[in-house]
Amino acid sequence: MARIVQKYGGTSVGDIERIKRVAERIKAARDEGNQLVVVVSARSGVTNELIARARAIHEHPSDREMDMLLATGEQETIALTAIALHALKVDAVSYTGAQAGIFTDAVHTKAKIKTINARPIEHDLKAGKVVIVAGFQGINEDGQITTLGRGGSDLTAIALAAAIKADKCEIYTDVDGVYTADPRVVKDARKLAEISYDEMLELASSGSKVMQSRSVEFAKKYDVVFEVRSSFNHNPGTIVKEEVVYMEQVVVRGVAVDKDQAKVIVSNIPDKPGSAAKVFRALAEANVIVDMIVQNIGHNGIANLTFTVPQGDSHRAEKALEPVFTELGGGEVAIHDQIAKLSVVGVGMKTHSGVAATLFQTLADQGINIELISTSEIKISVVIAAARADDAARAAHAAFGLEKAV
Ligand code: ASP
Ligand code: MG
């Protein structure tokens, strides 16, 4: 007998038929003699729809009321999933986040989990029940409903797996697992059997969003091994865990493309101490997330800075810079959004050299110009023209031999 936490995302519980199919999967795992805690998301589209309704009434709805509203999405699915299990003669009980003992801090709409009181769940598991828990929500010290940020059901599942010392944590979604590249673009992309937490985090930040990043960080911190797999078939998925020595033999694990970035060019600012600080302070205060940064060598007392921001933030970045230019006595900004960020990721880069050279040569052979470069211990990213992003992904995938199983 094993103790299993399963999480089903919004598409997996998207309508009544799908909820019934999920109930059958839960029953099958349960009939094998396992104890089961199941976390579910709101039906796909529901959370967005609720947000749109609130915004149709008020431009800035209060965070407390947004949590009250959004928590209803998951509350619907827990009850329907429990009812679907009852229809299959499986003893099941649904819990809101609060009832499941998920205590958070007080920050509405992006609360952090502080502690979990697993006693009520333990009690029901021992009584032979399947426990269905609403993802994405908790309760703060004052008894207020909180939510954990978009995609937060993943975090609920990982945190519960840690709290009840589950033997297995399975994240069911609408893809088969984590691939070496986007299979829609790179035809011979392969599903990875295993990947390290750090690689998964870098791929997520580079445009292959399979899971909420915070939940992967949490899993890493508490050593929760989990599997990402599809609820629409029975194929094995991808196991995400701490890196082990053999993982380093593979230099590049995957290629990711992020087409949701914009390049911001700040030119003609005075080349003196404090200019860059003022530019990035203003962006930080406007909550703009800056990624790759390049400062060109100053010339005649004038400096230029180039960096990337999420496309949705580019307008805010532009506005935030206006007062800075006034203060500095000069400066202009231009936004280019026809760009893409291509990244190659792998823990093996720590111990292998030549990855950057191979990537740059591959792009050169394709006649693709590199506009910006950034590197970390396990990732190399380049900014290129959006129109060439798919060609670049295919070429890099082939150059690092990612189509071959290792
Ligand atoms: N329903 C929430 C969202 O759409 C949480 C989740 O699905 O994980 O963000
Ligand atoms: Mg989700």
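Whatever order the structure lists ligands and atoms in, that order sets their numbers, starting from 1.
Distances below 4.0 Å separate heavy atoms of Phe136 from the following atoms of ligand 1: 2 (C), 5 (C). Listed by number with element, the atoms of ligand 1 under 4.0 Å from a non-hydrogen atom of Gly151 are 3 (C), 5 (C), 6 (C), 8 (O), 9 (O). Against a heavy-atom cut-off of under 4.0 Å, Arg150 is close to the following atoms of ligand 1: 3 (C), 4 (O), 9 (O). Using a 4.0 Å cut-off to heavy atoms of Ser41, the atoms of ligand 1 that qualify are 6 (C), 7 (O), 8 (O).
You'll find the side chain of Val130 stays beyond 4.5 Å of the side chain of Asp91, heavy atoms only. Between Val107 and Lys112 there is no side-chain heavy-atom pair separated by less than 4.5 Å.
Take Gln137 and apply the side-chain hydrogen bond (donor to acceptor under 3.5 Å, both in side chains) test, not counting sequence neighbours, and it matches no residue. For Lys259, the side-chain hydrogen bond (donor to acceptor under 3.5 Å, both in side chains) criterion is met by Asp390, not counting sequence neighbours.
Distances between N or O atoms of Lys7 and those of ligand 1 include no value under 3.5 Å.
Neither the backbone nor the side chain of Gln212 comes within 4.0 Å of ligand 1, counting heavy atoms alone.
At least one heavy atom of Gly152 sits under 4.0 Å from some atom of ligand 1.
Electrostatic pairing of Lys168 and Glu227 does not count as a salt bridge here, judged by no charged N lying under 4.0 Å from a carboxylate O.
Checked against the 6.0 Å centroid criterion, the rings of Tyr172 and Phe232 do not qualify as a close aromatic pair.
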